[in-house]
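Before any comments, here is the structure.
Each chain gets a letter, A, B and so on, in the order its sequence line appears, and its residues count up from 1. Just so you know, these numbers come straight off a predicted model, no measurement behind them.
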There are 2 protein chains.
Amino acid sequence: MLSFTEENYLKAIYHLSKEGSEPVLTNDLAKSVRTKAASATDMVKKLAAKKLISYRKYYGANLTTKGKTEALMVIRKHRLWETFLVQALGFMWDEVHEVAEQLEHIHSKRLIEKLDEFLNYPKTDPHGDPIPDRNGKIQQTAAISCDQLEKGKSAIITAVKDSSGSLLKLLDKIGAHPGKKIKIIACEPYDKSVEALLDGQRVFISHEVSKNILVKE
Amino acid sequence: MLSFTEENYLKAIYHLSKEGSEPVLTNDLAKSVRTKAASATDMVKKLAAKKLISYRKYYGANLTTKGKTEALMVIRKHRLWETFLVQALGFMWDEVHEVAEQLEHIHSKRLIEKLDEFLNYPKTDPHGDPIPDRNGKIQQTAAISCDQLEKGKSAIITAVKDSSGSLLKLLDKIGAHPGKKIKIIACEPYDKSVEALLDGQRVFISHEVSKNILVKE
DNA sequence: ATAATAATTTAGATTACCCTAAACTAATGT
DNA sequence: ACATTAGTTTAGGGTAATCTAAATTATTAT
């Protein structure tokens, strides 16, 4: 059985290696799990010994099939719990991340299956991110980020990249939730900020923010 | 913030010192948290340094007010989660203990308040044990155990002392749930076993089992 | 090609929790 | 009073995860 910490490292490696094959660098990994590079080196050695990642010194780490499955199970739990917190307990979507970080490490197959059933097998979490199924299958959303939309184009918001409370609060204020339609009405080349239409409301979005909004044309 | 392990020790001390004032012996404590006496000694020193218990060498440990509150909060979480698992997720009452042992250590005030609200502020858990309120107030059930009932007497089952799966499965089979009415129709002095009426059904209960059924006349 | 710089790894400690074995304390029986 | 015994504590270590500082490797600039 994996420890709390091992699960966190695997999850971080999964998220950092995005489309799978690029190696994850020790420094990036350390930053992601909020430790020092030396600690990350120790852990990747341990994970490699357990065949959860492949690791080459000074080069980086990649998840093995086994490691990827474990990572996806942690992500499945995280996203199901987030969904539960919002849908059943009435949390705001910017309040759930921290608690889900704890709940994702509860070890009980039965619990997560029952929770999935209770929530009626949701496909995405409150931030629009896809929830892996019990076999670790996850539907990859080939979404582009909002800052790549041209003037005049419309799109549907599918997800949010960053789950920090401050960003989510801001998105909440302007009404930028997954499922909503967004139309770009002006682009400012200087700072790449945009003006958009959301629910008939004219909103101003900085580049920092639009980068983190994923959309589907 | 208390660690997982510290919380478990506090909870164990609470349960072992029943009505509060008897000191908890190191050996009993060690057995309860499934470690060795030497480890328990280390931990009680640590808890004493944190003013969560008072501790005298070779004599035993007692919860301070602060320690008792912490213990009650862990118990509150445990029992609310058990209630959730049974009522919302459809677990059997003999399946919940292990998972609740993990869930009880999630740190989030907001979560537990929301959960309490979601469950509509239950007073007891699925085993009939009282759930402490947000201030740590717990209604002491002055219940007697079933083996103290005389022949011919009726009573209401209030709780179950032991939460091991095998006992709960047995009680499930004969229908002995909290809230049910039980009537003693025969006592066997030799082995202290009893015959009783439960839902109109004649059931045979050994002393080992009747000791663990709490009732209210 | 080599020096400077950035990234990574190793070495050596630290903390929390747990262990075994030995030493100690309190209680009991003769 | 003293020996036995049960219970407890101390001493000394082990493991997992972390850290700082020093050493090593890879990359970049000249």
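- In this structure, CZ of A:Arg34 is placed 12 Å from P of D:dC19, rounded to the nearest angstrom.
- The separation between A:Met43 atom CE and C:dT10 atom P is 16 Å, rounded to whole Å.
- We find that NZ of B:Lys45 is positioned 10 Å from C1' of D:dA11, with the value rounded to whole Å.
- The residue among B:Ala38 and A:Val33 whose nearest nucleotide of DNA chain D lies closer to the 5′ end is B:Ala38.
- The OH atom of B:Tyr55 sits 15.0 Å away from atom CG of B:Leu63, with the distance rounded to the nearest 0.5 Å.
- Separating the CG atom of B:Leu47 from the C1' atom of C:dA16 is a distance of 13 Å, rounded to the nearest angstrom.
- Between the CG atom of A:Leu29 and the C1' atom of C:dT9 there is a distance of 14 Å, rounded to whole Å.
- Residue B:Lys36 contributes atom NZ, which lies 23 Å from atom P of C:dA16 at whole-angstrom precision.
- A distance of 9.5 Å separates NZ in B:Lys50 from CG in B:Leu10, rounded to the nearest 0.5 Å.
- Using a 4.0 Å heavy-atom cutoff across all strands shown, A:Thr5 reaches sugar-phosphate atoms only and no base atom.
- Here the two rings, on A:His97 and A:His78, have centers that are under 6.0 Å apart.
- Looking only at distances, no side-chain donor or acceptor of B:Gln102 sits under 3.5 Å from a matching main-chain atom of B:Val99.
- Residue pairs meeting the salt bridge (charged side-chain N to carboxylate O under 4.0 Å, His left out) criterion with at least one member in residues 132-147 of chain B, sequence neighbours excluded: B:Glu113-B:Arg134.
- By the side chain to side chain donor-acceptor pair (under 3.5 Å) test, B:Glu7 pairs with B:His105, sequence neighbours left out.
- Contacts of B:Tyr9 with the nucleic acid, taken as non-hydrogen atoms under 4.0 Å apart, involve only primed sugar atoms and P, OP1 or OP2.
- Contact annotation: A:Thr41 side-chain N/O to C:dT9 OP1/OP2 distance is under 4.0 Å.
- Residue contacts for A:Thr35: at a heavy-atom cut-off of 4.0 Å it reaches the sugar-phosphate backbone alone, with no base atom in range.
- Within 4.0 Å (heavy atoms only), A:Thr26 reaches sugar-phosphate atoms of the nucleic acid but no base atom.
- Remark: P of C:dT25 and CG of B:Asn27 are 18 Å apart, rounded to the nearest angstrom.
- Taking the six-membered ring where the residue is Trp, the centroids of A:Phe84 and B:Phe84 are separated by under 6.0 Å.
- Residue A:Tyr59 contributes atom OH, which lies 18 Å from atom C1' of C:dT9 at whole-angstrom precision.
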Pick out the pairs of N or O atoms, protein on one side and nucleotides 24-26 of chain D on the other, that lie under 3.5 Å.
unit_1: D:dT25; atom_1: O4'; unit_2: A:Tyr58; atom_2: OH; d: 3.4

